[in-house]
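For ligands, and for the atoms within them, numbers begin at 1 and follow the listed sequence.
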Amino acid sequence: MRKMAQLCREGIEDLMKEKSLNAFIFSLYSSSHVSAALGGYPLISVPIGYNRLPAAANASQAPFEFEEATVAGIQAAFKDGSLTSYQLVQHYLNQIAALNPKLNAVIEVNPDALDAASQADRRRSSAGGPIGHFDGIPVLVKDSISTRDKLNTTSGSLALLGSVVPRDAGVIKRLRDAGAVILGKASMSEWDHFRSLEAPQGWSPRGGQGRSPYPAVGNHPCGTSSGSAIAVAANLVAVSLGTDLFGSITCPAGTNSVVGIKPTSGLTSRSGIVPISPRLDTVGPMARTVEDAAALLDVIAGYDPLDAKMTKAAAGFIPSGGFRRLLNPGGLSGKRLGIMRHPYFDFPSGSTEEKTFASHFGTMKLKGAELIDNLRLKKERVIQNYTTSGQSTVLLAEFKISVNAYLKHLVSSPSRSLADVIAFNKRHPVEEKMSEFGQQIFLASEETKGIGAAEKAAIKRMEELSEEGMHKLMKEKRLDAVLFTLSNFLFATSIGGFPVVTVPAGYSSSGEPFGICFAGLRGSDSTLIEIAYAFEQATNARKKP
Ligand SMILES: *[C@@H]1O[C@H](CO)[C@@H](O)[C@H](O)[C@H]1NC(C)=O
Ligand SMILES: *[C@@H]1O[C@H](CO)[C@@H](O)[C@H](O)[C@H]1NC(C)=O
Ligand SMILES: *[C@@H]1O[C@H](CO)[C@@H](O)[C@H](O)[C@H]1NC(C)=O
């Protein structure tokens, strides 16, 4: 006892006297706590925060396996108490901190993500229960998708840094209504690669050069939704959102061995998206499984009064009970699939790609699909050429109109028009790498003068080509989908705003992932998802990096 009293005097009492303190402060579990207890000194403790939510962890449960976690797996773990949303978000934030310096997949993390996760955890444990299907599920979104929170929305460009968006994008509103946690902003090809042809895909001044977690792919992750694909592939998150016009979801998905759904344009709202073309832009999910991508599509698809015309027209494409209801391992049975063999599956004889696809086609037949091989589009050369198809004429004019409208409606912004952005780039040649990449697409777009005779003729041409191309082929051969690998066949699908689903299909001998694409006419999203799911279940091709 005497020894204790002496220790106290030499410790705390001497310290207080020497420094003439009124009190001293410490956090729990420090040795000061023990000293205070020893002396029987008064102590007041005040709660100041949480490192993780109290409760939940179920001791009888195996620890949650974060790697390759699926949305359904996360939801099950939330339910049985083996995982909280807070723990999950913390894990992903740690992964981003550790891996993003190498991958450049994420531009910003949401400073409020952990708070949103705690709120979801509290909701789940309260009488009210989860507010929606995605309650507590973290989602990473492309930097061109507006979020009205602490995150910047910049399309990868410094010219938009500090701009304030008027509201959440339509798809973000749906995510928040379903309880999702916005984890952060994914890197991308700056301005959806619509500034300059010279700029590499996956590069932006804000995000740097995105890198695939597959070493053989490295600095060529494809674009423009590169960060959304890389992050999912590298397990920085389970699901993400990208945007697409001609291959911006499907190409990085295939290149980084994840699933990408490019929905029919208008199936998901484009309000609050940094645009290229309101007729053709689309927002879609990326995930490691078709099931997760379909689950996310179920959350974001549907009518939005701020994108009324096209979301209303496409609302009928949503199956009752949602896209997830179509997930059925027998989904290939009875489907007629057209193989766009030449040149889209022209691999060197004996190559891994050739053998892999031969095996996949065999599997599809085994599962009851009918394959119609060696198909070609009529007018293929014209359709596949961005210039002759009319797409370049139309998109240059539509980009100027729609990006000007986007910039004008911002609450505040350093750039208010395409002309401002062009001037900004000239003033910041080093950061925007102007001498390397220039901005010739911007300059050509700025030259356009609205939708005049040439643009109207080009729009008509695109409609005719989509009729003579995909429509005719699908009808004549009574196809449920056409099949191709990554290539400029994507122009044939972009011309009509057609949906495409990409699924991991294999790896080259040097380890580069490749995907298979299933495409169809507007509104065939549910059929494509059904086919893609059955293909995925039968082939199970994805290998984590
Ligand atoms: C804990 O896990 C066990 C085994 O899965 C389950 O039966 C039990 O309901 C869980 N407890 C809670 C509180 O969730
Ligand atoms: C948004 O950009 C500003 C710079 O304008 C920066 O200070 C802020 O941290 C950014 N927000 C996030 C969440 O990173
Ligand atoms: C596309 O068409 C234009 C105009 O006819 C031509 O100059 C260009 O070489 C074509 N591009 C390709 C890839 O064939």
- Short check: is a protein heavy atom less than 4.0 Å from atom 7 (O) of ligand 3? no
- Take atom 14 (O) of ligand 3 and look for protein heavy atoms under 4.0 Å from it; say yes if you find one, no if not. yes
- May I ask you to list the atoms of ligand 2 that are less than 4.0 angstrom from any heavy atom of Pro111? 13 (C)
- Query: Are there more than 12 heavy atoms of other residues, nucleotides or ligands under 6.0 Å from atom NZ of Lys173?
  - Reply: no
- Task: Would you check, one step at a time, whether the test side chain to side chain contact (heavy atoms under 4.5 Å, CB included) holds for His471 with Leu521?
- Result: CA-CA 7 Å; His471 273 278; Leu521 301 181; 3.6 Å; yes
- Message: Out of the candidates Lys378, Met340, Arg376, only one should pair with Leu473 under the side chain to side chain contact (heavy atoms under 4.5 Å, CB included) rule; please name it.
- Response: Met340
- Kindly determine whether Leu183 and Ile96 satisfy side chain to side chain contact (heavy atoms under 4.5 Å, CB included), including the steps that lead there. CA-CA 10 Å; Leu183 187 64; Ile96 291 168; 3.9 Å; yes
- Hey, is ligand 2 close enough to Asn152 that some N/O pair sits below 3.5 Å? yes
- When you measure from atom 1 (C) of ligand 3 to every protein heavy atom, which one gives the shortest distance, and what is it? Asn385 ND2, 1.4 Å
- Query: With no hydrogens and no angle check, do the side chains of Thr154 and Lys185 hold a donor and an acceptor under 3.5 Å apart?
  - Reply: no
- Should we say atom NE2 of His220 is surrounded by more than 12 heavy atoms from elsewhere, each under 6.0 Å from it? no
- Counting from 1, what ligand 3 atoms have a heavy atom of Thr388 closer than 4.0 Å? 2 (O), 4 (C), 5 (O)
- Considering only non-hydrogen protein atoms, determine which one is nearest to atom 5 (O) of ligand 2 and report residue, atom name and distance to 0.1 Å. Leu161 CG, 3.7 Å
